[in-house]
Amino acid sequence: MPDRQPAIPIPSEDVRDLVTKIVDGLFSSQPPATADNPGTAPVPAPTDPAPSGTRIAIGADHGGYPLKERLAFRLREQGIDVLDCGTDSLAAVDYPDFAHAVAAAVATGKCTWGIIVDGAGIGSAMVANKVPGIRAALCYDLSTARNSREHNHANVLTLGAGLIGENLAWQIVQEWLAVPWGADRHARRVAKITEIEKRYLKA
């Protein structure tokens, strides 16, 4: 059996320094837990973030409130200006009030885009689409997010907090903000949506 080399003692201060560096590396990338950030797992940043100057209106009913808070935190973390249209708690409220507030902020030009969260996302989409100038789309995966932006020029996104988890919701938001409007191929069809809207406004 070969002779073993005697262990070289490591000074205790070197051990402390090493442990400190490891701990700092583990926690330095995590934002502190706050009311806006309940300590959820980080999600990669969008490959093509929203353009500078973008302002996003976001709102939810009580069923969508927790997810709305998490999404608002993520958006602000990316440097995006967020207008929070409520609600501000889990107390029961009516989703049309908050869907309308978000849609109005987009229709009047106060915000570039809107995001609305309720239990299923369906009712909020219906409400938002009653506001002239709004093209709200309920998205539940990355494909519908891409399609609603590229094909339909959606300017409001609705999400169902009871149907998708936080990570998927954030991925949908990232995709929705990153995909450009495919005007060359789809402008004629979207123009027909606007024409139908105008026809009924005149009536």
Side-chain angles (χ1 to χ4, degrees), residues 28-90 93 95 97-119 121 124-125 127-128 131 134-142 144-150 152-181:
S28 61
S29 62
Q30 298 288 342
T34 64
D36 284 338
N37 174 37
T40 54
V43 181
T47 55
D48 184 11
S52 177
T54 295
R55 192 181 198 200
I56 296 178
I58 190 166
D61 67 357
H62 54 287
Y65 168 72
L67 180 56
K68 186 261 290 184
E69 291 293 290
R70 289 168 170 81
L71 294 177
F73 174 82
R74 295 289 184 189
L75 290 167
R76 291 187 179 111
E77 194 177 41
Q78 306 244 334
I80 297 173
D81 186 14
V82 175
L83 173 65
D84 192 334
C85 298
T87 188
D88 301 319
S89 75
L90 292 171
V93 292
Y95 68 82
D97 299 334
F98 302 95
H100 179 237
V102 171
V106 175
T108 59
K110 191 174 183 180
C111 292
T112 314
W113 291 312
I115 299 172
I116 313 167
V117 191
D118 65 22
S124 290
V127 173
V131 178
I134 294 302
R135 293 175 299 278
L138 165 61
C139 298
Y140 44 84
D141 58 22
L142 300 185
T144 51
R146 283 192 295 270
N147 190 282
S148 73
R149 287 288 299 133
E150 182 183 354
N152 312 121
H153 202 7
N155 51 13
V156 169
L157 167 67
T158 72
L159 299 168
L163 304 178
I164 57 175
E166 179 189 343
N167 282 351
L168 177 55
W170 177 235
Q171 291 169 25
I172 289 170
V173 168
Q174 292 180 99
E175 190 74 9
W176 193 80
L177 292 175
V179 173
W181 152 233

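By convention here, the first residue in the shown sequence is residue 1.
Closest heavy-atom contact between Gly59 and Val102: N-CG2, 3.4 Å. In terms of heavy atoms, Gly121 sits closest to Thr158 at O-OG1, 3.0 Å. Across all non-hydrogen atoms, the minimal contact from Cys139 to Leu159 is O-CD2, 3.5 Å. Here the shortest heavy-atom pairing between Ala125 and Ala136 reads O-CB, 4.1 Å. The two residues Ala161 and Gly64 make their nearest non-hydrogen contact at CB-CA, 4.0 Å.
The distance from atom CG of Leu168 to atom CD1 of Ile172, rounded to the nearest 0.5 Å, is 4.0 Å. To the nearest 0.5 Å, the span separating CD1 on Ile58 from CG on Leu83 amounts to 10.0 Å. Taking CD1 of Ile134 as the start and CD1 of Ile116 as the end, the distance is 8.0 Å to the nearest 0.5 Å. Note: Arg70 CZ to Glu166 CD = 5.0 Å, rounded to the nearest 0.5 Å. Here CG of Leu157 is found 8.5 Å from CG of Leu138. Values are rounded to the nearest 0.5 Å. Going from atom CD of Gln174 over to atom CG of Leu75 covers 9.0 Å, rounded to the nearest 0.5 Å.
In summary, Arg76 and Asp81 do not engage in a salt bridge, as defined by a charged side-chain N under 4.0 Å from a carboxylate O.
Looking only at atom types and distance, the side chain of Thr54 has no donor-acceptor partner in the side chain of Trp113 under 3.5 Å away. Asn147 and Thr144 share no side-chain donor-acceptor pair at under 3.5 Å.
Between His153 and Trp181, the ring planes lie parallel to each other; the angle is under 30°, not in the 30° to 60° tilted range.
A side-chain donor-acceptor contact under 3.5 Å links Ser148 to the backbone of Ala145. Not one N or O on the side chain of Asn152 forms a donor-acceptor pair closer than 3.5 Å with the backbone of Ala154. At distances below 3.5 Å, at least one donor-acceptor pair connects side-chain atoms of Lys68 with backbone N or O atoms of Thr87. Although no hydrogens or angles enter the test, the distance criterion places a donor-acceptor pair under 3.5 Å between the side chain of Arg149 and the main chain of Trp176. Between the side chain of Asn155 and the backbone N or O of Arg135 there is at least one donor-acceptor pair closer than 3.5 Å.
Residues Tyr95 and Ser124 have side chains in contact (heavy-atom distance under 4.5 Å, counting atoms from C-beta outward). With a 4.5 Å cut-off on side-chain heavy atoms, Leu71 and Val117 count as touching.
The one candidate from Val173, Leu177, Val106, Thr112 that meets the side-chain contact (heavy atoms from CB on, under 4.5 Å) condition with Ile56 is Leu177.
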